[in-house]
Structure formats: structure tokens, C-alpha cells
Asks: 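Handing you a structure now.
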There are 2 protein chains.
Amino acid sequence: MEGKAPRIPDSVVRRLPVYLRHLQSILENDVDTIASQTLGEALGLNPAQIRKDLAYFGAFGQKGVGYDVRFLILSIERILRIHRDVPVALIGAGRLGAALCLYNQIQVRSGQNRMRIISVFDRDPAKTGSVIGNVAVEPDTHLESALRSRNIRIAVIAVPASDAQEVADRLTVAGVTAMLNFAPVALRVPDSVHVRAADFTSELQSLAYYAFDE
Amino acid sequence: MEGKAPRIPDSVVRRLPVYLRHLQSILENDVDTIASQTLGEALGLNPAQIRKDLAYFGAFGQKGVGYDVRFLILSIERILRIHRDVPVALIGAGRLGAALCLYNQIQVRSGQNRMRIISVFDRDPAKTGSVIGNVAVEPDTHLESALRSRNIRIAVIAVPASDAQEVADRLTVAGVTAMLNFAPVALRVPDSVHVRAADFTSELQSLAYYAFDE
DNA sequence: TAGATTGTTAATCGATTAACAATC
DNA sequence: TAGATTGTTAATCGATTAACAATC
């Protein structure tokens with residue numbers, strides 16, 4: 001009975017966390033209701049785009065009134081599947097990986113985020129057994145069995161570029177379906193796996209183009 | 001005489017560093033020439049897109065042959081304005097900022113990147129005066145004067161969300177025209193300033209959507 | 001009721017892909 | 001010359017924005 005599965009553009013999915021974050025922040029200021037116009041002004045987005053984005057998933061507002069902030073927060077959390085804790089793995093416990101892990105723990109503790117890095121792996125025996133915040137670093141030989149037994153579907157790759165493709169391959173086999181890749185290399189994965197590039201160097205380099213068109 | 005200024009889509013500008021990185025890596029394997037077809041296969045992109053992207057800036061290939069790897073590397077570096085060292089400022093010397101700074105130094109030292117973080121600022125007097133790798137942390141009171149005197153146009157924002165808008169405002173006044181924002185908040189800046197969001201939490205949250213559509 | 005604002009359809013805009021003449 | 005591959009134009013596809021009836 002479910003009917004059509006409309007296929008949601010990635011650009012829409014990526015804006016949802018932005019909406020969510022702003023809604024959470026205005027809730028602290030006791031704002032109960034918000035119009036797409038107001039939200040758009042705060043985020044620098046077209047209000048029609050916001051309404052259309054939300055309408056992909058249902059009708060969450062009230063005509064003439066706007067959106068109930070609390071209800072919209074809960075709705076977006078359900079859409080994204082982050083209405084409960086989501087276990088995440090981190091591969092690579094170097095400086096960047098460790099910083100991301102500690103940052104994540106702060107966000108989780110303050111209630112801003114339910115994506116939790118609960119497993120960290122590294123191939124370096126010197127790192128294995130050490131602890132980052134409240135998570136122990138495990139040897140990467142445990143990777144496949146640990147991910148499967150903990151039912152982890154999302155992983156952050158923070159290993160050197162030379163190791164990243166091999167890690168992606170192993171993660172794919174272990175059932176991971178979404179990866180955030182900080183290594184400066186393009187990863188090849190099956191169509192069923194989503195990879196998002198999060199490469200510091202590339203971001204900086206592309207910004208140089210805009211910085212100097214005087 | 002220069003003629004039309006074609007206005008380049010941001011999606012094109014953001015792919016250039018990806019092309020560049022791959023070209024640099026194949027050069028190490030003594031590949032002298034590459035066809036858009038081959039490059040596309042390696043990066044998971046349509047070869048027509050690669051040719052069109054490059055054609056925005058000129059004709060860099062040879063019909064029937066392909067692109068000379070060395071020449072294309074130099075050409076893309078010039079297009080992006082990274083054919084010489086580019087000074088970058090980092091605001092916020094917390095764990096994430098420090099990790100990014102050290103990571104940047106490794107990349108610069110190994111010759112993979114000419115975007116150099118040469119100035120780091122923090123408002124915490126406990127951090128001021130300390131050193132991250134080979135860069136000293138300066139008090140944020142120096143921000144405007146230091147950026148102007150060093151002619152810095154690009155900045156990385158790695159401060160708490162609550163401080164990020166104020167930092168962006170100050171950077172704008174100080175003449176910064178491109179910012180990479182790691183704080184989990186949408187920044188409002190004049191149209192003349194480019195802000196790129198690089199928010200770990202949002203990226204992870206949007207990935208959750210894809211991880212569970214079983 | 002009058003004013004405001006949604007949800008949705010239609011119009012616009014822009015980016016990607018296909019096709020192919022030019023040419024190495 | 002024959003085969004390969006670019007640069008570019010045209011066709012397609014998809015995303016954003018405008019407009020407005022529905023309705024709170």
C-alpha cells in the first residue's frame with residue numbers, strides 16, 4: 001500500500017541536518033513556531049526550497065501558522081533515522097581521527113548529536129589499547145567481526161591516503177553502507193555504498209580560486 | 001580584449017582539486033599522458049564532464065592523444081591560483097584546529113599542498129604563546145592587523161559555534177574573502193565572501209539517512 | 001472574516017551527459 | 001591513412017524558484 005518511493009535528492013538530505021541544528025538552537029530561545037520565510041532568512045535559503053524539501057517526507061506545517069519547532073525537530077530526526085543513538089566506527093586513530101572522536105564525544109554528551117563513535121580501529125600496535133576519551137583503540141584485525149557484531153553501518157575513514165581504498169573495501173565487505181572519507185583520495189565502492197568526501201586539502205584548494213578574483 | 005568572463009559553476013571549481021590530486025599521484029607512476037576516459041574511470045566521473053570542466057578555462061589537451069599530465073597539473077594549479085604558496089589563517093586552536101594545523105604542515109612539507117596555515121589565533125590566553133608544530137598561537141586581538149599586514153585572504157574557522165559568527169564578521173572586515181567553517185552553525189556573510197561548510201556532525205547525520213534504507 | 005503561510009504545481013534555471021566535427 | 005580523443009554544441013536531466021489555491 002505504501003505507494004511511490006519518490007527518491008530524495010542528496011542535496012535535500014544534506015540540508016536536513018542544517019534545518020535541525022537551527023531549530024534546536026531557536027528552541028533554546030523559547031521559539032515555538034517558525035515560518036519557512038523566517039527559517040530561510042536565518043539560513044540564507046529560499047523559503048520555497050525549505051517547504052519543498054520537507055514536503056518530500058510529509059506535511060509537517062500548518063497553513064497560516066508555520067511549523068511547530070518541537071514537532072519539526074522530532075520529524076527530521078525520524079526522517080534521518082537519528083531519533084535513537086546511531087553507532088559509528090572510526091578507522092584511523094591518528095591526530096585527525098583522535099580530534100574527531102573527542103569532538104564527537106563532546107557533541108554527544110551535550111545532547112547535540114546521536115551519531116556516536118563507539119568503535120575505533122588502528123593498524124599501529126603502538127596505538128592499539130590506548131584510549132581516546134572513553135573509547136579504546138582496537139587492532140584493525142578486529143574490524144570485520146566487530147562491525148558485524150555491533151551492527152555498525154556507518155564509518156569514518158581517517159587513515160593515510162595510501163590505506164584508504166583497502167579500508168573502504170574491508171568496510172564494504174563488513175556491511176558498512178555509508179562512509180565519511182577524510183583521506184585525500186577518491187574511493188571506488190559499489191553503488192550500494194555511499195561515500196562522502198570530507199577532504200581538508202581539496203576544500204582549501206578550491207577556496208583559493210575565489211579568494212583572489214580581484 | 002579579454003572578452004567574456006564565463007562565470008564558473010562552483011561544482012566545477014570543487015572538482016579541480018580532485019583532478020589535480022589524481023594527476024599528481026599517477027605522475028609518480030610515470031604516466032605522462034591521460035585521456036578523459038581514463039581519468040573518469042579512476043575518479044568515477046563522466047569523461048565529458050571532465051573535458052567540459054577543463055574547457056571552461058582553455059584547451060589543455062591534444063585531440064587524439066589526451067592530456068599531458070605535467071602540463072595539466074601546472075594548468076590546474078594556475079587556475080586555482082595555487083601555483084605559489086597561499087597563506088591561510090586558522091582561528092581556534094582547540095583540538096580540531098590543532099589537528100588540522102598539524103595535518104596541513106605534513107601536507108605542505110611533503111609537497112602535496114601549497115595552502116599554508118601560517119597564522120593561528122585563539123582567544124584563550126592559556127593557548128596564546130603555545131606552538132602548534134611550527135606555528136605560534138597568537139591572541140585573537142591581533143587578528144585584524146595580522147591578517148591585513150600578511151595579506152591573508154583565506155581563513156579556517158575552528159571555534160565553538162557560539163563564537164563563529166563574530167569571528168566571521170571580524171574576518172570579513174579584515175579582508176578575508178574565503179572561509180572554511182568547521183563550526184556547526186550557518187554563517188551570514190556578504191555576497192562578496194565565500195563560506196564553505198565543513199561540519200562533521202551534519203555530514204554524519206545526513207549519512208544516517210542512507211545507512212538504513214534497507 | 002482577513003491575513004498569513006503551507007503544500008504543490010508549473011516555470012525557470014543550471015548542470016550533466018550525449019553526440020560529433022575537428023584534428024592529432 | 002586509420003584510430004583515438006579533444007573541444008563544443010545540443011539534448012537531457014534535475015534542482016531551484018515562483019506562483020497560487022487551500023486553509024489555518
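The chains referred to below are lettered A, B, ... by the order of the sequence lines, with proteins before strands, and numbering in each begins at 1. Here the structure is a predicted model, which means the values were calculated and not measured.
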Asks: Given C:dT8, D:dT5, C:dT17, which nucleotide is nearest the side-chain atoms of B:A48?
Replies: C:dT17

Asks: What nucleotide among D:dC24, D:dC20, D:dT8 has an atom nearest to a side-chain atom of A:K63?
Replies: D:dC24

Asks: Given atom OH of B:Y56 and atom C1' of C:dT16, what is their separation to the nearest angstrom?
Replies: 9 Å

Asks: Among residues at least two apart in sequence or on other chains, which ones pass salt bridge (Lys or Arg N to Asp or Glu O under 4.0 Å) with B:R51?
Replies: none

Asks: So, is A:R15 near the phosphate of D:dT16, with a side-chain N or O under 4.0 Å from OP1 or OP2?
Replies: yes

Asks: Whole angstroms only, please: what is the CZ-C1' distance between A:R51 and C:dT5?
Replies: 7 Å

Asks: Whole-Å distance between C:dA19 P and B:Q49 CD?
Replies: 17 Å

Asks: Check whether B:F212 forms a cation-pi arrangement with A:R84 (NZ or CZ under 6.0 Å from the six-membered ring centre, at most 45° off the ring normal).
Replies: yes

Asks: Quick check with a 6.0 Å cut-off and a 45 degree axis cone: is B:R153 positioned over the face of A:Y209's six-membered ring?
Replies: no

Asks: Over how many whole Å does the gap from A:D10 atom CG to D:dT16 atom P extend?
Replies: 11 Å

Asks: Are any of the side-chain nitrogens in A:R114 or A:E77 under 4.0 Å away from the carboxylate oxygens of its partner?
Replies: no

Asks: Using the side chain to side chain contact (heavy atoms under 4.5 Å, CB included) rule, take B:N104 and B:L100 through it: C-alpha gap first, then chi angles, then the decisive distance, then the call.
Replies: CA-CA 6 Å; B:N104 177 255; B:L100 293 171; over 6 Å; no

Asks: Would you call A:D163-A:R170 a salt bridge at under 4.0 Å N-O?
Replies: no

Asks: Mind calculating the distance between CD1 (A:I50) and P (C:dT8) to the nearest angstrom?
Replies: 17 Å

Asks: Please report the interatomic distance CG(B:L143) to CG(B:D122), rounded to the nearest 0.5 Å.
Replies: 11.5 Å

Asks: Less than 4.0 angstrom from a charged side-chain N to a carboxylate O is my criterion; do A:D199 and B:R14 meet it?
Replies: no

Asks: Roughly how many Å is it from CG in A:L72 to C1' in C:dT5, rounded to a whole number?
Replies: 14 Å

Asks: Can we say B:D169 and B:R188 salt-bridge, meaning some charged N sits less than 4.0 Å from an Asp/Glu carboxylate O?
Replies: no

Asks: Choosing from D:dC20, D:dT8, D:dA15, which nucleotide comes nearest the side chain of A:R7?
Replies: D:dA15

Asks: A:F71 has an atom CZ; how far is it from atom C1' of C:dT6, in whole Å?
Replies: 14 Å

Asks: Could you give me the stems involving DNA chain D, meaning stretches of three or more consecutive Watson-Crick or G-U wobble pairs whose two defining distances are both below 3.5 Å?
Replies: C:3-24 with D:3-24

Asks: Start at the 5' end of DNA chain D and walk down; is the nucleotide closest to B:A59 or to A:G64 reached first?
Replies: B:A59

Asks: Contact list please: residues 34-47 of chain B against DNA chain C, heavy atoms, distance less than 4.0 Å, in numerical order.
Replies: B:N46

Asks: Rounded at 0.5 Å granularity, tell me how far CZ in A:R21 sits from OG1 in B:T201.
Replies: 8.0 Å

Asks: What nucleotide among D:dT9, D:dG7, C:dA15 has an atom nearest to a side-chain atom of B:K52?
Replies: D:dT9

Asks: So does B:Y67 get a side-chain nitrogen or oxygen closer than 4.0 Å to the phosphate oxygens (OP1/OP2) of D:dG7?
Replies: yes

Asks: Rounding to a whole Å, what distance do you find between A:L54:CG and C:dT5:C1'?
Replies: 13 Å

